[in-house]
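Reviewing the structure listed below.
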Amino acid sequence: HLKGKTVKQGEMEWTVQEEYQSFYGSIKIIKIYNKKSKANFNLFLQEGVVQSIVDSKGYSVANFTYVLEALARGFIEKNSSILCLGLGAGNLPISLAQNGHSVEVVEINPICRNVAVKHFNYDSSLAPVIIDDARVHVKYSRKKYDLIVIDVYQADLAPDYLVTKEFFKDLSDRLTKNGKIILYISSAAAFKAHPLNDIIKTIQTVIPNTLLYYDEKPADDDVTTAAFIVACSDKNTCKRKPAHFEIPANAIEIMNRVFKGPKPISRHNLLTSTIFTDNKNNYQWLARKQSRLRRQYIISQYPYELLIN
């Protein structure tokens with residue numbers, strides 16, 4: 001076990017606070033200390049991939065969290081019902097609940113819920129967490145939601161059975177008349193090595209009204225770029241805009257780039273894209289290059305001792 005181990009690398013100190021083994025991979029909670037800035041951060045690492053990182057005040061340092069929240073708050077009315085698929089540290093569901101919405105979370109890994117409560121001050125009374133497989137829960141639930149947020153990445157990629165036509169059909173059945181789906185796609189690598197267009201085409205077979213947002217200036221490493229898809233049951237409700245709210249200074253520039261407007265979805269790319277189904281699904285194969293790039297990036301960013309299971 002690595003609990004209590006401290007690794008020093010340049011100006012950074014990394015200390016493993018806790019280590020958990022689960023059916024869904026190794027989880028580490030790591031305290032990061034920047035000796036130059038005297039800043040502390042809390043890192044949630046699962047299978048070597050960052051699930052969440054917060055500062056000493058509990059605010060997310062991950063910019064994608066604020067993009068998701070801006071989309072969620074902008075595309076729904078007040079006091080809406082929201083289902084979040086995937087918990088992470090819980091920053092997004094808690095923030096939405098504190099903004100007056102009724103929020104439920106589905107998380108497959110019970111240890112993630114325990115981690116969120118113990119290490120990230122998650123309040124399950126504000127946003128209850130249901131331990132279940134997202135696909136199973138959505139299929140057999142009878143509740144309707146104004147918004148469903150999908151953030152189900154485990155390690156590098158989403159589970160392949162959560163990108164199929166049948167899954168998106170089950171999601172659409174759980175939406176209210178004007179309901180929407182927001183899908184976060186991690187590490188799209190400027191979309192050169194990720195089947196982004198295939199996912200969009202698959203969604204459009206069920207919900208034709210889709211918007212695409214991403215950072216116009218991809219990260220230098222070409223790995224950490226993320227994309228956000230909004231799918232609307234009603235075409236008219238897709239005309240809404242992301243909300244403006246107070247965010248950390250470091251996120252403002254990226255938010256301004258992402259929200260200059262929805263990016264065009266290439267008809268040509270869609271024509272040559274695949275529709276993922278339960279019977280025919282090569283998502284993991286198409287995303288293999290991205291998975292490799294992501295792993296190489298992780299090795300370059302974190303001390304190797306922290307990646308040992």
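Heavy-atom basis, side chains included; hydrogens, waters and symmetry copies ignored.
- Of the candidates Val105, Ile130, Leu87, Leu87 is the only one forming a side chain to side chain contact (heavy atoms under 4.5 Å, CB included) with Arg113.
- Residues satisfying the side-chain contact (heavy atoms from CB on, under 4.5 Å) test with Lys239, not counting sequence neighbours, are Asn236.
- Tyr214 carries Lys263 over the face of its six-membered ring, with the cationic atom under 6.0 Å from the centre and within 45° of the normal.
- Judged by distance alone, with hydrogens and angles left aside, the side-chain atoms of Lys201 form a donor-acceptor pair with the main-chain N or O of Ser273 at under 3.5 Å.
- The side-chain heavy atoms of Phe259 and His244, taken from C-beta on, include no pair separated by under 4.5 Å.
- Transitive grouping of hydrophobic side chains (ILVMFWY, heavy atoms separated by less than 4.5 Å) keeps Leu45 and Ile111 in distinct clusters.
- By the salt bridge (charged side-chain N to carboxylate O under 4.0 Å, His left out) test, Glu18 is found to be paired with Lys3, Lys118, residues two or more places apart in sequence or in another chain being considered.
- There is a side-chain donor-acceptor pair under 3.5 Å between Gln204 and Thr210.
- The structure places SG of Cys84 at 10.5 Å from NE2 of His101, a figure rounded to the nearest 0.5 Å.
- Counting heavy atoms from C-beta on, the side chains of Leu85 and Leu162 never come closer than 4.5 Å.
- Residues Arg135 and Glu166 meet the side-chain proximity criterion, which asks for heavy atoms closer than 4.5 Å.
- Judged purely by atom type and a 3.5 angstrom limit, Thr176 has no side-chain atom pairing as donor or acceptor with the backbone of Lys144.
- Within the 3.5 Å criterion, the main-chain N or O of Trp285 finds a donor-acceptor partner in the side chain of Arg288.
- Between the side chain of Tyr122 and the main chain of Ala127, a donor-acceptor pair closer than 3.5 Å is present.
- Aromatic rings from Tyr161 and Phe167 are positioned such that their centres are separated by 6.0 Å or more.
- The minimum heavy-atom distance between Leu212 and Ala227, with the atom names listed, is CD1-CB, 4.2 Å.
- Summarising the local packing, NZ of Lys165 is surrounded by 12 or fewer heavy atoms from other residues, nucleotides or ligands at distances under 6.0 Å.
- Remark: Asp173 engages Lys169 in a side-chain hydrogen bond (donor to acceptor under 3.5 Å, both in side chains) (not counting sequence neighbours).
- Using a 4.5 Å heavy-atom cutoff, the side chains of Asp234 and Asn209 are not in contact.
- For the atom pair Ile27 CD1 and Gln21 CD, the distance stands at 9.0 Å (nearest 0.5 Å).
- Judged purely by atom type and a 3.5 angstrom limit, Asp198 uses its side chain to pair as donor or acceptor with the backbone of Thr274.
- Applying the side chain to side chain contact (heavy atoms under 4.5 Å, CB included) test between Ile32 and each of Val61, Asp55, Asn40, Ile53 identifies Ile53 as the sole match.
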Please lay out, stage by stage, how Leu126 and Gln98 fare under the test side chain to side chain contact (heavy atoms under 4.5 Å, CB included). CA-CA 8 Å; Leu126 285 177; Gln98 290 173 337; 4.1 Å; yes

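- Once rounded to the nearest 0.5 Å, the distance linking CG of Asn109 with OH of Tyr20 reads 11.5 Å.
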Report the C-alpha distance between Asn63 and Ile247 in whole Å, list the side-chain angles of each, state the deciding distance to 0.1 Å, and finish with yes or no for side chain to side chain contact (heavy atoms under 4.5 Å, CB included). CA-CA 9 Å; Asn63 293 322; Ile247 60 173; over 6 Å; no

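- Separation of atoms NZ (Lys143) and NE2 (His137) is listed at 7.5 Å; rounding is to 0.5 Å.
- Follow the hydrophobic side-chain contacts under 4.5 Å out from Leu270 and you never reach Ile275; the two are in separate clusters.
- Between the Asn91 side chain and the Thr65 main chain, no donor and acceptor come within less than 3.5 Å of each other.
- For the residue pair Asn178 / Thr237, no side-chain donor-acceptor distance below 3.5 Å is found, with atom types taken as modelled.
- Put simply, the side chain of Ile254 reaches to within 4.5 Å of the side chain of Arg257, judged on heavy atoms.
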Can you list the steps and then say if Asp132 with Ile108 is a side chain to side chain contact (heavy atoms under 4.5 Å, CB included)? CA-CA 5 Å; Asp132 200 357; Ile108 195 171; over 6 Å; no

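- Distance alone, capped at 3.5 Å, is enough to place a donor-acceptor pair between the Asn34 side chain and the Ser37 backbone.
- Atoms OG and CG, on Ser266 and Leu196 in that order, are 11.0 Å from each other to the nearest 0.5 Å.
- Note on ring orientation: taking the six-membered ring where Trp is involved, the planes of Trp14 and Tyr302 are perpendicular (angle over 60°, cut-offs 30° and 60°).
- Contact annotation: the side chain of Tyr184 never approaches that of Leu92 to less than 4.5 Å [non-hydrogen atoms, C-beta and beyond].
- Partners of Asp133 under the salt bridge (charged side-chain N to carboxylate O under 4.0 Å, His left out) rule, at least two apart in sequence or in another chain, do not exist in this structure.
- Clustering ILVMFWY residues whenever any of their side-chain heavy atoms sit less than 4.5 angstrom apart, transitively, puts Val117 in a cluster other than the one holding Val115.
- With hydrogens and angles ignored, the 3.5 Å screen pairs a side-chain donor or acceptor of Arg240 with a backbone N or O of Gly74.
- Here the shortest heavy-atom pairing between Val152 and Gly86 reads CG1-N, 4.3 Å.
- Using cut-offs of 30° and 60° on the angle between ring planes, the pair Phe245 and Tyr66 is tilted.
- In this view, Lys38 satisfies the side-chain hydrogen bond (donor to acceptor under 3.5 Å, both in side chains) rule with no residue, not counting sequence neighbours.
- The residue from Asn279, Asn281, Thr202 that alone fulfils the side chain to side chain contact (heavy atoms under 4.5 Å, CB included) condition with Thr164 is Asn281.
- Judged purely by atom type and a 3.5 angstrom limit, Glu47 uses its side chain to pair as donor or acceptor with the backbone of Ser26.
- Here the closest non-hydrogen pair linking Ser141 and Arg174 is O-CZ, 3.1 Å.
- Atom CG of Leu175 sits about 4.5 Å away from atom CD1 of Ile148, to the nearest 0.5 Å.
- Across every non-hydrogen atom of Glu69 and Ser95, the tightest pair is OE2-OG, 2.6 Å.
- For Ala158 against Val163, the heavy-atom pair with the smallest separation is CB-CG1, 4.4 Å.
- Judged as a disulfide bond (SG atoms under 2.5 Å apart), not a single pair has a partner in residues 278-309 (not counting sequence neighbours).
- At a threshold of 4.5 Å between side-chain heavy atoms, the hydrophobic network of Ile, Leu, Val, Met, Phe, Trp and Tyr places Tyr33 and Val7 in two separate groups.
- Both Leu2 and Ile299 belong to a common hydrophobic cluster when Ile, Leu, Val, Met, Phe, Trp and Tyr are linked at side-chain heavy-atom distances under 4.5 angstrom.
- Not one N or O on the side chain of Glu11 forms a donor-acceptor pair closer than 3.5 Å with the backbone of Lys36.
- Using a 4.5 Å heavy-atom threshold, the side chains of Ile29 and Phe44 count as touching.
- Residue Lys8 qualifies as open at atom NZ: its count of foreign heavy atoms under 6.0 Å is 12 or below.
- Side-chain atoms of Val54 and Phe120, non-hydrogen and from C-beta on, do get closer than 4.5 Å to each other.
- The shortest heavy-atom contact between Ala72 and Leu96 is CB-CD2, 3.9 Å.
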